[in-house]
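Sharing a structure below in structure tokens format, with a few things to ask.
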Amino acid sequence: MGNSMSREEMTFEEQAAYLLKGVTEVISEEELLQKLTKCEETGQELTVKVGFDPSAPDLHVGHTVLLRKMKHFQDLGHRVIFLIGDFTGRIGDPSGRNKTRPPLTQEEVLENAETYKEQVFKILDPEKTVIELNNRWLGSLSSEEWIHLCGKYTVARMLERDDFQKRMAAQQPVSIHEFLYPLAQAYDSVFLKADVELGGTDQKFNLLVGRDIQREFGQQPQVLMMTPLLEGLDGVDKMSKSLGNHIGINESPQEIYGKVMSTSDQQMWHYYELLTDLSQDQIRKLKSDVESGSLHPMKAKAELACGMVSDFHSKADAREAQEHFVRVFQQREEPEEMPTFSVRCSGKAVALVDVIAQVDLASSKSEARRLIRQGAVSVDGQKIENSTHQLDPSAKASFVLRVGRRKFGRIHLE
């Protein structure tokens, strides 16, 4: 969302501002400016590295904060490496972990890596993206070379890591193999001769190790650029599929649009900053218009939702998703299309909570009861507030069930 510009169209100051938009911390900004200056003088490009461990098959928009920053470097003509940690993924990144992370099998890593490739090009330019898998060099290191690498860092420095300190204070184990993760990630930077490495704020320790190890190998240390961890739809916790507060980039246009529209007005501006290519001035103008009353916050949020759907699908899909949202959620009409479910009841009344759980409109019966008590369930447009409510096929054998704001199903009792 937003118009990107080429390197030739931007002044040096505009390039720096474009790259630093939404970045929480830079180590160091002075070094970044020096590297950019050298590129301008020599016509060379920076090598920008970003590592992704394929620990789960699906990406959500929280991951695209980094992908979008990679795209910004691509827009300015720099070489971007999308690094899939098929080797490091088998170690398990201890960042933010309060216990040892179970390593993935090689089969799991490779399966997830393939799905990553399909998803990242919704943001990145495939012709300007170098995809690497770090098993290519880490997997071929000899025992002697690993010992040599480990000799370039101390245990005392490793134990400065906040994750390890907390676990040891809680008398939780820290495995020796976890020390290898930041060293392996650092060696990636050495092998690729990275000028810049991008990462979330939770990756700061690993990124700093990369600078130290590059110096040990006689290289200029990489510039570190850290982006904030995107909060989920709840506005509290980090976006996570396991917490159910995520927006998946492979989700349907209607689902993405509806989830964006469910965010708070305050949270919307954080999403604008991290999930669009609009400049800070453009975002400030939108925010000022909302505060002055000349632009309704729902209109600003709708523009954000349309932009995000367009990024992952198309502008036509965004228009259709917007029309669906207006029809179903603002005008309270039923969607034109919804899944149909057949529920066997042998002519007897059946509990509504059983039906909701059976057709997967809720994760469990207890979840269905909670949703009913919250007033989030309706049958044929009538809100149901009694969790013991039953559906009687003798009265009506087919009805429309709505659970929450976005889940619908046409139910046939048989």
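Keep in mind that this is a model prediction, so the values were computed, not measured. When reading the values below, keep in mind they use all heavy atoms of this one structure, side chains included, and skip hydrogens, waters and symmetry mates.
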Steps toward side chain to side chain contact (heavy atoms under 4.5 Å, CB included) verdict (Arg402, Leu361): CA-CA 9 Å; Arg402 177 174 182 165; Leu361 293 182; over 6 Å; no
Lys287, NZ atom: more than 12 neighbouring heavy atoms under 6.0 Å: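 Counting other residues, nucleotides and ligands, NZ of Lys287 stays at 12 neighbours or fewer.
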Criterion side chain to side chain contact (heavy atoms under 4.5 Å, CB included) on Tyr153 and Met158, from CA distance to verdict: CA-CA 8 Å; Tyr153 215 71; Met158 197 67 73; 3.7 Å; yes
Whether Thr276 side chain and Leu278 backbone form a donor-acceptor pair below 3.5 Å: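 Answer holds: yes.
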Criterion salt bridge (Lys or Arg N to Asp or Glu O under 4.0 Å) on Arg167 and Glu178, from CA distance to verdict: CA-CA 13 Å; Arg167 280 159 58 183; Glu178 294 180 89; 2.6 Å; yes
4.5 Å side-chain heavy-atom contact, Lys238 and Glu231: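 Not touching, per the 4.5 Å side-chain cut-off.
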Backbone N/O of Ser142 and side chain of Glu145: donor-acceptor pair under 3.5 Å: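 Yes: the side chain of Glu145 pairs with the backbone of Ser142.
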Min side-chain heavy-atom separation His60-Leu230 under 4.5 Å: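 His60 vs Leu230: side chains apart.
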From Asn245 atom CG to Ser262 atom OG, the distance as rounded to the nearest 0.5 Å: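 Reported to 0.5 Å precision, the distance equals 10.5 Å.
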Nearest-0.5 Å distance, CG of residue Leu183 to CG of residue Asn206: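 Answer rounded to 0.5 Å: 9.5 Å.
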Verdict with reasoning, Arg157 to Glu160, per salt bridge (Lys or Arg N to Asp or Glu O under 4.0 Å): CA-CA 5 Å; Arg157 289 292 306 279; Glu160 291 175 3; 3.5 Å; yes
Non-hydrogen side-chain atoms of Glu251 and Lys259 separated by less than 4.5 Å: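 Yes, side chains in contact.
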N/O donor-acceptor pair under 3.5 Å between Thr42 side chain and Lys38 backbone: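 Indeed, once roles are kept as given, a pair shorter than 3.5 Å links the two residues.
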Value rounded to 0.5 Å, distance of CZ in Phe82 from CZ in Phe52: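 Going from the CZ atom of Phe82 to the CZ atom of Phe52 covers 5.0 Å.
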Heavy-atom check, side chain of Leu46 versus side chain of Cys39, under 4.5 Å: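 SC-SC contact between Leu46 and Cys39 confirmed.
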Ionic contact status for Asp75 with Lys71, cut-off 4.0 Å: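 Between Asp75 and Lys71 there is a salt bridge, with a charged N closer than 4.0 Å to a carboxylate O.
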side-chain contact (heavy atoms from CB on, under 4.5 Å) partners of Ser292, counting only residues at least two apart: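 Per chain and number, Ser292 pairs via side-chain contact (heavy atoms from CB on, under 4.5 Å) with Ser294.
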Arg79 and Val48: CA distance, side-chain angles, deciding distance, side chain to side chain contact (heavy atoms under 4.5 Å, CB included) verdict: CA-CA 6 Å; Arg79 179 172 178 260; Val48 182; over 6 Å; no
Exam field: side chain Gln214 to backbone Ala194, donor-acceptor pair closer than 3.5 Å: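 Yes; at least one donor-acceptor contact below 3.5 Å.
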Side-chain heavy-atom pair Asp277, His72 within 4.5 angstrom cut-off: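 SC-SC contact between Asp277 and His72 confirmed.
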Asp195 side chain vs Thr47 backbone, donor-acceptor pair below 3.5 Å: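 Pair found, side chain donor or acceptor close to backbone of Thr47.
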Residue pair Gln267 / Leu233: nearest heavy atoms and the distance that separates them: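 Looking at all heavy atoms of both residues, the shortest contact is OE1-O, 3.7 Å.
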Asp311 and Lys122: CA distance, side-chain angles, deciding distance, salt bridge (Lys or Arg N to Asp or Glu O under 4.0 Å) verdict: CA-CA 7 Å; Asp311 283 344; Lys122 292 187 177 183; over 6 Å; no
Donor-acceptor pair between Gln374 and Arg370 side chains, under 3.5 angstrom: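 Present: a donor and an acceptor within the cut-off.
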Working for side chain to side chain contact (heavy atoms under 4.5 Å, CB included), residues Lys69 and Val23: CA-CA 9 Å; Lys69 189 54 58 182; Val23 173; 3.9 Å; yes
Non-hydrogen side-chain atoms of Gln390 and Leu352 separated by less than 4.5 Å: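 Of all side-chain heavy-atom pairs linking Leu352 with Gln390, none is under 4.5 Å.
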Check: Tyr272 side chain, Ala300 main-chain N or O, donor-acceptor pair, under 3.5 Å: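 Judged by distance alone, yes, a pair lies under 3.5 Å.
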Those residues that, when tested against Phe191, pass side-chain contact (heavy atoms from CB on, under 4.5 Å) (two or more places apart):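 In terms of side-chain contact (heavy atoms from CB on, under 4.5 Å), with neighbours along the sequence ignored, Phe191 is linked to Arg136, Trp137, Tyr187.
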Heavy-atom donor-acceptor pair, His296 side chain to Met298 backbone, under 3.5 Å: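 Pair found, side chain donor or acceptor close to backbone of Met298.
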Pairwise distance CG(Asp289) to CZ(Arg284) - rounded to 0.5 angstrom: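 Here the interatomic distance stands at 13.5 Å.
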Lys301 side-chain N/O to Val260 backbone N/O, donor-acceptor pair under 3.5 Å: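 Judged by distance alone, no pair lies under 3.5 Å.
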Polar contact flag, side-chain donor to acceptor under 3.5 angstrom, Gln203-Glu197: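 No pair is found: no donor N or O on one side chain lies under 3.5 Å from an acceptor on the other.
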Closest non-hydrogen atom pair between Asn135 and Asp86, with its separation: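 Closest approach of Asn135 to Asp86, heavy atoms only: N-OD1, 2.8 Å.
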Between Tyr257 and Asp317, a side-chain donor and acceptor under 3.5 Å: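 Distance-only check fails for Tyr257 and Asp317.
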Asn134 versus Phe87, closest heavy-atom pair with distance: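 For Asn134 versus Phe87, the nearest heavy atoms are OD1-N, 2.9 Å.
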Lys152, NZ atom: more than 12 neighbouring heavy atoms under 6.0 Å: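 Above 12, so yes.
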Closest non-hydrogen atom pair between Thr88 and Ala184, with its separation: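 For Thr88 and Ala184, the tightest heavy-atom pair comes out as CG2-CB, 3.7 Å.
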Audit row: Lys166, Asp162, salt bridge (Lys or Arg N to Asp or Glu O under 4.0 Å) steps and yes/no: CA-CA 6 Å; Lys166 289 179 179 178; Asp162 185 57; 3.1 Å; yes
Polar contact flag, side-chain donor to acceptor under 3.5 angstrom, Lys21-Ser279: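 No.
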Side-chain H-bond candidate by donor/acceptor type, Gln222 with Glu31, under 3.5 Å: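 No, Glu31 and Gln222 have no side-chain donor paired with an acceptor closer than 3.5 Å.
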Nearest-0.5 Å distance, CD1 of residue Ile356 to CG of residue Leu371: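 Result: 7.0 Å between the selected atoms.
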Nearest-0.5 Å distance that lies between atom CD in Gln254 and atom CD in Glu323: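 These two atoms lie 10.5 Å from each other.
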Heavy-atom side-chain proximity of Leu274 to His270 below 4.5 angstrom: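 Side chain of Leu274 against side chain of His270, heavy atoms only: contact under 4.5 Å found.
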Over 12 non-hydrogen atoms of neighbours within 6.0 angstrom of CD in Gln220: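 No - once you tally the heavy atoms of other residues, nucleotides and ligands closer than 6.0 Å, there are 12 at most.
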Ring geometry between Phe179 and Phe164 (parallel below 30°, tilted from 30 to 60°, perpendicular above 60°):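 Aromatic pair Phe164/Phe179 classed tilted.
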Nearest heavy-atom neighbours spanning Ile81 and Met70: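 Heavy-atom minimum between the residues: O-CE, 4.2 Å.
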Criterion side-chain hydrogen bond (donor to acceptor under 3.5 Å, both in side chains) on Ser189 and Lys49, from CA distance to verdict: CA-CA 7 Å; Ser189 295; Lys49 164 207 170 192; 2.7 Å; yes
Contact check, side chains of Gln74 and Thr129, non-hydrogen atoms, under 4.5 Å: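 SC-SC contact between Gln74 and Thr129 confirmed.
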Smallest separation among heavy atoms of Ile27 and Arg211, with atom names: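 Here Ile27 and Arg211 meet closest at O-NH1, 3.3 Å.
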N/O donor-acceptor pair under 3.5 Å between Glu273 side chain and Gln280 backbone: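 Checked: no pair found.
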